[in-house]
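For the numbers below, each heavy atom of this structure counts, side chains included, while hydrogens, waters and symmetry mates do not. A, B, ... follow the sequence lines: proteins, then strands. Residue 1 opens every chain.
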2 protein chains.
Amino acid sequence: MVESRAWQVVLERIEHDLLSGTLQPGDHLPGERALAADLGVGRSSVREALRVLEVLGLIRTASGSGPRSGAIIVALPSGGMSALMRLQVAAQGFSVEDIVQTRLILETETVSRLAENPDLRTIHTPRTLLGAMESQNLSPEEFLTLDAQFHLSLTEAMGNHVLTATMAGLRSSIEDYVRAGLPRLASWPATATRLRHEHRALADAIGAGDAERARSVIHDHITGYYLETGLAEDVTATPVPEPAS
Amino acid sequence: MVESRAWQVVLERIEHDLLSGTLQPGDHLPGERALAADLGVGRSSVREALRVLEVLGLIRTASGSGPRSGAIIVALPSGGMSALMRLQVAAQGFSVEDIVQTRLILETETVSRLAENPDLRTIHTPRTLLGAMESQNLSPEEFLTLDAQFHLSLTEAMGNHVLTATMAGLRSSIEDYVRAGLPRLASWPATATRLRHEHRALADAIGAGDAERARSVIHDHITGYYLETGLAEDVTATPVPEPAS
DNA sequence: GCCCCGTGTGTGGTCGGACCACAAACACTA
DNA sequence: TAGTGTTTGTGGTCCGACCACACACGGGGC
């Protein structure tokens, strides 16, 4: 036996059943006691494996009885990605600079492709959030929440779940730092006004199909806040050219 | 108490200690029994939390006694990222197309920045791997292993741990699929020759500081294999958006 | 004195059993 | 028939008991 740890056996069994099609999204996993008996391991080991799958966003568990109870396969990657990145930032495995730089790369390419692809320019959700952000009596926290939703909805427009989950993870991993940067701003109203303007300019650039402008706006938008609050520096690298297509 | 689940209490405690600096990379966690007693939970719950942290790449555990035993904070994100993405692909939460598209975005930008930044052009490890790949008596599997190391070493040259971990996860998540695509190739020797040529062209473009050429080469290189094996199509084009509900 | 080796001790790893709260399905009553 | 109480099985948690392991200690043997 290659894997001496019992919980890894459980994990491998489930991954194998997933790959072989025995287990499909929406299916119920066998009960913890049944799984333990099948694999010849203790129930505690099964639970450790299930806990991992739950945190990774692969299953949803519910106690009680009936169809809604038990462990159900539901691939919701954003939660697991967020947990992973948040903890890695806490453990100093990820630096805030690296997070921001990665976000910059992904989001720049995202808005660029949104602008280039006529099919994707119907960005309804971002525009709605844009309107919500116009309200003048929003607290900074409320504004930042809408801000996060705005950026996330842009990524969602790409229809790429990997991209969406990654962006959600990147965002949530530095959420506390973004909030912590609020007091360091010279003037919140001024910053809010600037952010509103940049958001609108970004949406307009995408709507107009101006990829180059979208790239420029999102770059300045993202780097702006972090430079202003001193959270991350050196994020901005060399100017980004058009991708070869 | 917002979190009723005992294992979440443990996770939150550790995350809190991490953020407050009480726990630092390299530190030992308290023993499982001590942790359980401190938090007023059972040892099983502590173990479930520790298992999550281990899979996420946050800690390393070893039994026995002495300084090398116990749970030690070691932020190694690549392992956790690989596990997450591999399982999400297995559970159909991530599609191979989305994985490849994300990889394309990240790697294109990576090689572009490597070419643009003179400080990063000293890509010694990739060049070494390039030499190893010249050997004519490599099995396809061995070649693909070197191929993976080559691409990963390029990302590592960026010095961004988030990027490195993400790329490692993306790569390992579709590793099985890449291997499965081997038999579908018309001619492995021909493909190997083409890959060698593209790798060399990429390294040359980076060394010459030609970012635009590097983007072009890596784009064709990545899409080429997947198109040839039929693993993923429409990688370059953006997917069709879902109708707003 | 120094070195080697058995033993002690504490660690994580695992198992089994025992409860609890909960939710659905069932059986029973009015 | 409608409503209600009970049964049943689930995950969630805790506890106690081992095991294998690796280091620390200490007692010979040199």
Side-chain angles (χ1 to χ4, degrees), chain A residues 1-14 17 23 26-74 76 79-80 83 91, chain B residues 1-14 17 23 26-74 76 79-80 83 91:
Chain A
M1 185 88 77
V2 182
E3 299 299 351
S4 55
R5 315 249 262 287
W7 60 272
Q8 288 183 341
V9 174
V10 183
L11 229 43
E12 284 165 7
R13 156 68 169 272
I14 294 178
D17 286 353
L23 247 37
D27 286 356
H28 279 68
L29 259 63
E32 297 179 352
R33 294 164 177 87
L35 255 181
D38 279 0
L39 296 172
V41 301
R43 194 179 157 217
S44 354
S45 301
V46 172
R47 298 203 93 249
E48 291 180 17
L50 293 185
R51 201 82 314 123
V52 169
L53 293 177
E54 183 177 350
V55 172
L56 258 41
L58 237 83
I59 63 173
R60 172 184 76 76
T61 63
S63 62
S65 176
R68 287 183 180 78
S69 72
I72 304 178
I73 311 271
V74 283
L76 302 172
Chain B
M1 187 81 80
V2 181
E3 298 301 351
S4 55
R5 315 251 259 291
W7 60 272
Q8 288 184 342
V9 174
V10 182
L11 228 44
E12 285 165 7
R13 156 67 169 270
I14 294 178
D17 286 353
L23 247 36
D27 286 356
H28 280 69
L29 258 62
E32 297 179 352
R33 294 164 178 86
L35 215 45
D38 279 0
L39 295 171
V41 300
R43 183 153 88 109
S44 348
S45 301
V46 171
R47 299 202 94 250
E48 290 180 16
L50 293 184
R51 200 81 319 128
V52 169
L53 293 177
E54 183 176 350
V55 172
L56 258 42
L58 236 83
I59 63 173
R60 174 185 74 76
T61 62
S63 61
S65 175
R68 287 184 181 77
S69 74
I72 305 179
I73 310 272
V74 283
L76 301 173

Q: Does C:dC15 have OP1 or OP2 under 4.0 Å away from a side-chain N or O of A:Ser45?
A: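 For C:dC15, OP1 or OP2 has a side-chain N or O of A:Ser45 closer than 4.0 Å.
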Q: Using whole Å, what does the distance between atom P of nucleotide D:dT10 and atom CZ of B:Arg5 come to?
A: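 Taking atom P of D:dT10 as the reference, CZ of B:Arg5 is at 18 Å.
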Q: Any base atoms under 4.0 Å from B:Gly66, or only sugar-phosphate, or nothing? Heavy atoms, all strands.
A: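 Counting heavy atoms under 4.0 Å across all strands, the contact made by B:Gly66 is with sugar-phosphate only.
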Q: Between C1' on C:dA23 and CD1 on A:Ile72, what's the gap in Å once rounded to a whole number?
A: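 Those two atoms, CD1 and C1', are 13 Å apart.
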Q: Select one nucleotide: of D:dT13, C:dC15, D:dT10, the one nearest the side-chain heavy atoms of A:Val41.
A: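 Selected nucleotide (nearest to the side chain): C:dC15.
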Q: Look only at the side chain of B:His28 and the backbone of B:Ser69, and say whether a donor-acceptor pair between them is shorter than 3.5 Å.
A: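 Yes, B:His28 side chain to B:Ser69 backbone: donor-acceptor pair under 3.5 Å.
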Q: Rounded to whole Å, please give me the gap between CG in B:Asp38 and C1' in D:dC14.
A: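 It is 17 Å, rounded to the nearest whole Å.
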Q: Does C:dG13 have its OP1 or OP2 closer than 4.0 Å to a side-chain nitrogen or oxygen of B:Thr61?
A: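 For C:dG13, OP1/OP2 do have a side-chain N/O of B:Thr61 under 4.0 Å.
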Q: Rounded to the nearest Å, what distance is computed from the CD atom of residue A:Glu32 to the C1' atom of nucleotide C:dC15?
A: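 So the two atoms are 15 Å apart, to the nearest Å.
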Q: Compare side-chain N and O positions of A:Arg33 against OP1 and OP2 of D:dG9 and report whether any pair is under 4.0 Å apart.
A: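 No, no such contact exists.
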Q: At less than 4.0 Å, is any side-chain N or O atom of B:Arg51 found next to OP1 or OP2 of C:dG13? Yes or no.
A: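 So the side-chain polar atoms of B:Arg51 do come within 4.0 Å of the phosphate oxygens OP1 or OP2 of C:dG13, strictly under.
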Q: Among D:dG9, D:dG12, D:dC23, which is the nearest nucleotide to the side chain of B:Arg68?
A: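 Among D:dG9, D:dG12, D:dC23, the one nearest the side chain of B:Arg68 is D:dC23.
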Q: Rounded to whole angstrom units, what separation is found between the CH2 atom of B:Trp7 and the P atom of D:dG11?
A: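 Going from CH2 in B:Trp7 over to P in D:dG11 covers 15 Å.
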Q: Without decimals, in angstroms, what is the distance between B:Arg60 CZ and D:dA22 C1'?
A: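 After rounding, the reported distance stands at 13 Å.
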Q: Look at all strands and tell whether B:Ala36 reaches a base, only sugar-phosphate, or nothing, counting heavy atoms closer than 4.0 Å.
A: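 If one applies the 4.0 Å heavy-atom cut-off, B:Ala36 turns out to touch nothing in the nucleic acid.
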Q: Check whether any side-chain heavy atom of A:Leu50 lies under 4.5 Å from a side-chain heavy atom of A:Ile59, and answer yes or no.
A: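 In contact.
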Q: Take A:Gly42 and B:Gly31, find for each the nucleotide of DNA chain C with the closest heavy atom, and name the residue whose nucleotide sits nearer the 5' end.
A: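 It is B:Gly31 whose nearest nucleotide is closer to the 5' end.
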Q: From C-beta outward on B:Pro67, which listed nucleotide comes closest to its side chain: C:dG16, D:dC14, D:dA24?
A: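 Per side-chain heavy atoms of B:Pro67, the pick is D:dA24.
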Q: Round to a whole Å and report the spacing from CD1 of A:Ile59 to P of D:dG12.
A: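 My rounded result for the distance is 9 Å.
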Q: If you measure from the Lys or Arg side-chain nitrogens to the Asp or Glu carboxylate oxygens, is any gap between A:Arg47 and A:Glu32 under 4.0 Å?
A: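 Salt bridge flag = yes for A:Glu32 with A:Arg47.
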Q: Rounded to whole Å, how long is the line connecting atom CZ of A:Arg47 with atom C1' of D:dT10?
A: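 That distance rounds to 11 Å.
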Q: Any heavy-atom pair between the side chains of B:Arg43 and B:Arg33 that's under 4.5 Å?
A: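 In contact.
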Q: So, are A:Glu48 and A:Arg5 salt-bridged, with charged N and O less than 4.0 Å apart?
A: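 Looking at A:Arg5 together with A:Glu48, the answer is no, because their closest N to O distance does not fall below 4.0 Å.
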Q: Test for a donor-acceptor pair under 3.5 Å between the base of D:dT13 and the side chain of A:Arg43, counting only N and O atoms.
A: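 Flag set: donor-acceptor pair detected.
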